[in-house]
Novice: 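Quick one: this structure, given as structure tokens, is what I'll be asking you about.
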Amino acid sequence: SSRFPHLRHSVATHRFTHLSVVHCSTAEKVSIIHNINMKRERKEGKAVGSRADDPGVAAARMQEDQQILKLSREGPMNPATVAYCGAFASLEMDNSFDLTDFKSNFGIEIVSLSDELVEFDMKGIDAPLANAFRRILIAEVPTIAPGQVTIYQNTSVIHDENLAHRIGLVPLKVDPDRLEWREAEADLSESNSICFNLHVTCEEGKKSVYSSDFIWQPWSDAQAEQFKDDPPRPVQPDILVAQLREGQEIECVIYCEKGVGKEHAKWSPVCTAHYRLLPVITLKKDIVGGDAQKLKEVCPKNVFDIEDLGSKGKKAFVANARNCSTCRECLESFPGDEKGVVLAKDKQHFLFSIESVGQIPAPDLFRRALKKFQDKCQMSLDVLAGHMEEDDPMI
């Protein structure tokens, strides 16, 4: 429309961009879009050799986009991170992986530490590595859980299948390193399993069946000796399994074995294993007086506070950036864009939280996950080395 020439230009540019990049790789898309933006800036009258066309300035801007996630009222502005080494070759910017830089930038800082919860910062890595560590914690750290339940008597209102399912989800305090893995067709034995008896009868009134009613039965004297210092038991004694009325009875044998969370959630050792990016909040302008007070009040996480400057009044500052939940109230309920509030996140700084179910202490989970991560990396190197030897017998 002639009434909205700027809109017509925007739509035309979008169509051209879409047609140009639809069949391109991510790196090619980035390069094409950058060239389109440069041409647009020239067309709008910016002289060649100006700051917008300066390769150094463009490289710095792309480097910032790679490291900082910018946020607006609508959401994230630049969530993607390009890993291809030649993505910014036109800007004379080297995007290749450098092991020396990685070693110097990578770091882990423990924030809090207990048997139930570990919180730490992991810096200097990209999201795929952080996510791999999270997935290992959830799905690949082995624990011991009920694998088979033989029910001899169940006159309660709970069906056998549901009773077995409830029993299977009771977490057990057993060191998984003390048991071997059971092969697919192998029988249960003292080397690959432990056994609990559950026998509860309600004589009158009603009675609850708890995890404390699990009675460990060693396979042999040798297994009893192996676990005498730390006998197998449920993590918590008061986990409700069923409720019985007068005359009802439950009798079963529970066989427990080693497994991992990717096979079934009952073997997952964590309640939660999650991360978020470190918030980076900047005040580009001084926010003083009533605006400072209002900014502090609109933030539900107490990210901002007020500094008393005496005769100069009051000034807002960022007090607790880590508390930010990206609710963006400082941009929606307060004119943050106009007042210079800039919300962003560091793409290479992850705030990790590991909460253990209780089978394995959270600090030990952290070490086991790192060891599993190391084993997976070594396996990848071995596979690559094998392919190289196949391609070149002289290697």
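Count residues from 1 along the sequence.
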Novice: Are E116 and S356 close enough that a side-chain donor and a side-chain acceptor fall under 3.5 Å?
Specialist: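 There is no such pair between these side chains.
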Novice: Donor-acceptor pair, W267 side chain versus E257 backbone, under 3.5 Å?
Specialist: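 Checking the backbone N and O of E257 against the side chain of W267, a donor-acceptor pair under 3.5 Å is found.
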Novice: Might you point out which heavy atoms bring A139 and V260 nearest each other, and give the distance in Å?
Specialist: O-CB, 3.4 Å
Novice: Return yes if some donor-acceptor pair links the side-chain N/O of S268 with the main-chain N/O of I138 below 3.5 Å, else return no.
Specialist: yes
Novice: If we only count heavy atoms from C-beta on, is the V235 to Q359 side-chain gap below 4.5 Å?
Specialist: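 In contact.
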Novice: Starting from the C-alpha separation in whole Å, work towards a yes-or-no answer on side-chain contact (heavy atoms from CB on, under 4.5 Å) for R367 and L370.
Specialist: CA-CA 5 Å; R367 289 188 289 268; L370 286 177; 5.7 Å; no
Novice: Are the side chain of R182 and the backbone N or O of E180 linked by a donor-acceptor pair below 3.5 Å?
Specialist: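 Between the backbone of E180 and the side chain of R182 there is no qualifying donor-acceptor contact (under 3.5 Å).
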Novice: Between K258 and S193, does a side-chain hydrogen bond (donor to acceptor under 3.5 Å, both in side chains) hold up when you go through it step by step?
Specialist: CA-CA 7 Å; K258 185 187 291 191; S193 65; over 6 Å; no
Novice: Using a strict cut-off of less than 4.0 Å between a Lys/Arg side-chain nitrogen and an Asp/Glu carboxylate oxygen, indicate whether D308 and K314 qualify as a salt bridge.
Specialist: no
Novice: Heavy atoms only: give me the nearest D305-A319 pair and the separation to one decimal.
Specialist: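 That closest heavy-atom pairing would be CB-CB, 3.8 Å.
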Novice: When you measure from the side chain of D98 to the backbone of D101, do you find a donor-acceptor pair of N or O atoms at a distance under 3.5 Å?
Specialist: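 Side chain of D98 to backbone of D101, a donor-acceptor pair under 3.5 Å: yes, one is there.
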Novice: Charged N to carboxylate O under 4.0 angstrom, K315 versus E307?
Specialist: no
Novice: Using the six-membered ring wherever Trp is involved, compare the ring planes of W219 and Y255 and label them parallel, tilted or perpendicular (cut-offs 30° and 60°).
Specialist: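 Tilted.
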Novice: Where the side chain of Q148 meets the backbone of L188, is there a donor-acceptor pair that is under 3.5 Å apart?
Specialist: no
Novice: Contact between K339 and F334 at the side-chain level, heavy atoms closer than 4.5 Å - yes or no?
Specialist: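 They are in side-chain contact.
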Novice: The test is side-chain contact (heavy atoms from CB on, under 4.5 Å); show your working for V253 and C195 and say whether it passes.
Specialist: CA-CA 7 Å; V253 178; C195 178; 3.3 Å; yes
Novice: For V342 and K284, work out which heavy atoms get closest and say how close.
Specialist: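 That would be CG2-CG, 3.5 Å.
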Novice: Counting only heavy atoms not in D177 (residues, nucleotides, ligands), do more than 12 fall under 6.0 Å from its CG?
Specialist: yes
Novice: Shared ILVMFWY cluster between I281 and V298, side chains joined below 4.5 angstrom?
Specialist: yes
Novice: Charged N to carboxylate O under 4.0 angstrom, D291 versus K285?
Specialist: no
Novice: Between N105 and K103, is the side-chain contact (heavy atoms from CB on, under 4.5 Å) condition met? List the steps.
Specialist: CA-CA 6 Å; N105 295 329; K103 289 181 178 180; over 6 Å; no
Novice: Is the backbone N or O of A80 less than 3.5 Å from a side-chain atom of K347, with the two atoms forming a donor-acceptor pair by type?
Specialist: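 Checking the backbone N and O of A80 against the side chain of K347, a donor-acceptor pair under 3.5 Å is found.
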Novice: Does L169 belong to the same Ile/Leu/Val/Met/Phe/Trp/Tyr cluster as Y210, with side-chain heavy atoms less than 4.5 Å apart forming each link?
Specialist: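 Different hydrophobic clusters.
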Novice: If hydrophobic clusters are built by linking Ile, Leu, Val, Met, Phe, Trp and Tyr wherever their side-chain heavy atoms come under 4.5 Å apart, do I108 and L113 end up in the same one?
Specialist: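 They do share one cluster, since a chain of ILVMFWY contacts under 4.5 Å joins I108 to L113.
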Novice: With side-chain contact (heavy atoms from CB on, under 4.5 Å) as the test, would you mind laying out the steps for D121 and F350 before giving the verdict?
Specialist: CA-CA 6 Å; D121 290 13; F350 297 86; over 6 Å; no
Novice: Could you work out the complete set of other residues in the hydrophobic cluster of I151, with links drawn between I, L, V, M, F, W and Y side chains under 4.5 Å apart?
Specialist: I144, V149, V157, I158, L163, I167, V170, L172, V174, L179, I194, F196, L198, V200, V209, F214, W216, F227, I239, V241, L244, I250, I254
Novice: If we only count heavy atoms from C-beta on, is the P176 to I360 side-chain gap below 4.5 Å?
Specialist: yes
Novice: Just by distance, do the side chain of N197 and the backbone of I215 share a donor-acceptor pair under 3.5 Å?
Specialist: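 Checked: no pair found.
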Novice: Taking 4.0 angstrom as the limit, do K376 and E140 come out as a salt bridge?
Specialist: yes
Novice: Please list all pairs meeting side chain to side chain donor-acceptor pair (under 3.5 Å) that have one or both residues in residues 123-132, counting only residues at least two apart or in different chains.
Specialist: E109-K123, D126-Q348, N131-R134
Novice: Would you sort out whether K312 and D286 count as a salt bridge (Lys or Arg N to Asp or Glu O under 4.0 Å), showing the intermediate values?
Specialist: CA-CA 12 Å; K312 295 182 180 180; D286 289 342; over 6 Å; no
Novice: Do L381 and F97 share a hydrophobic cluster, counting only Ile, Leu, Val, Met, Phe, Trp and Tyr and linking them when any side-chain heavy atoms are less than 4.5 Å apart?
Specialist: no
Novice: Of the non-hydrogen atoms in S114 and A362, which two are nearest, and what is the gap between them?
Specialist: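 It is O-CB, 3.8 Å.
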Novice: Examine distances only and state if a side-chain atom of Q223 and a backbone atom of E190 form a donor-acceptor pair shorter than 3.5 Å.
Specialist: yes
Novice: If you define the side chain from C-beta out and look only at heavy atoms, does anything of L278 sit under 4.5 Å from R322?
Specialist: yes
Novice: Could you tell me whether D65 and R61 make a salt bridge, using a distance below 4.0 angstrom between a side-chain N and a carboxylate O?
Specialist: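 A salt bridge is absent here (no side-chain N lies under 4.0 Å from a carboxylate O).
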Novice: Can you see whether T143 engages K266 through a side-chain donor-acceptor pair at a distance of less than 3.5 angstrom?
Specialist: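 There is no such pair (donor and acceptor under 3.5 Å, judged by atom type) between the side chains of T143 and K266.
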Novice: May I ask you to decide if S212's main-chain N or O and D238's side chain share a donor-acceptor pair within less than 3.5 Å?
Specialist: no
Novice: If you take all heavy atoms of V341 and C330, which pair is closest and at what distance?
Specialist: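 That closest heavy-atom pairing would be CG1-SG, 4.1 Å.
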Novice: Do E249 and H199 pair up side chain to side chain, a donor and an acceptor below 3.5 Å, judged on atom types alone?
Specialist: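 H199 and E249 do have a side-chain donor-acceptor pair below 3.5 Å.
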Novice: I125, I110: one ILVMFWY side-chain cluster at the under-4.5 Å cut-off?
Specialist: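 I125 and I110: one cluster.
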Novice: Hey, are the side chains of L384 and D382 touching, using non-hydrogen atoms and a 4.5 Å cut-off?
Specialist: no
Novice: Find out whether L365 and V141 are in side-chain contact, i.e. whether some heavy atom of one side chain is under 4.5 Å from a heavy atom of the other.
Specialist: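 Result yes, sub-4.5 Å side-chain heavy-atom pair found.
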Novice: What distance do I354 atom CD1 and L137 atom CG have between them, rounded to the nearest 0.5 Å?
Specialist: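 Between atom CD1 of I354 and atom CG of L137 there are 4.5 Å.
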Novice: Checking side-chain polar atoms at under 3.5 Å, does E297 have a donor or acceptor matched by the opposite partner on Q293?
Specialist: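 There is such a pair (donor and acceptor under 3.5 Å, judged by atom type) between the side chains of E297 and Q293.
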Novice: So R276 and D346, salt bridge (Lys or Arg N to Asp or Glu O under 4.0 Å) or not? Walk me through it.
Specialist: CA-CA 10 Å; R276 61 190 180 98; D346 191 338; over 6 Å; no
Novice: Does the side chain of E64 reach to within under 4.5 Å of the side chain of K70, using non-hydrogen atoms?
Specialist: yes
Novice: Taking atom types as modelled, is there a side-chain donor on N154 or D160 under 3.5 Å from an acceptor on the other?
Specialist: yes
Novice: Examine distances only and state if a side-chain atom of Q248 and a backbone atom of R245 form a donor-acceptor pair shorter than 3.5 Å.
Specialist: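 It does hold such a pair.
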Novice: Locate the shortest heavy-atom distance separating P231 from R233; write the atom from each residue and the value.
Specialist: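 For P231 versus R233, the nearest heavy atoms are O-NH1, 3.0 Å.
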Novice: To the nearest 0.5 angstrom, please state how far the NZ atom of K173 sits from the CG atom of D230.
Specialist: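 It comes to 7.5 Å.
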Novice: Identify whether the distance between the nearest side-chain nitrogen and carboxylate oxygen of R328 and D337 falls below 4.0 Å.
Specialist: no
Novice: Are any of the side-chain heavy atoms of F304 and L283 separated by less than 4.5 Å?
Specialist: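 They are in side-chain contact.
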Novice: Can we call the ring centroids of F133 and F352 under 6.0 Å apart?
Specialist: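 Yes; F352 has its ring centre under 6.0 Å from that of F133.
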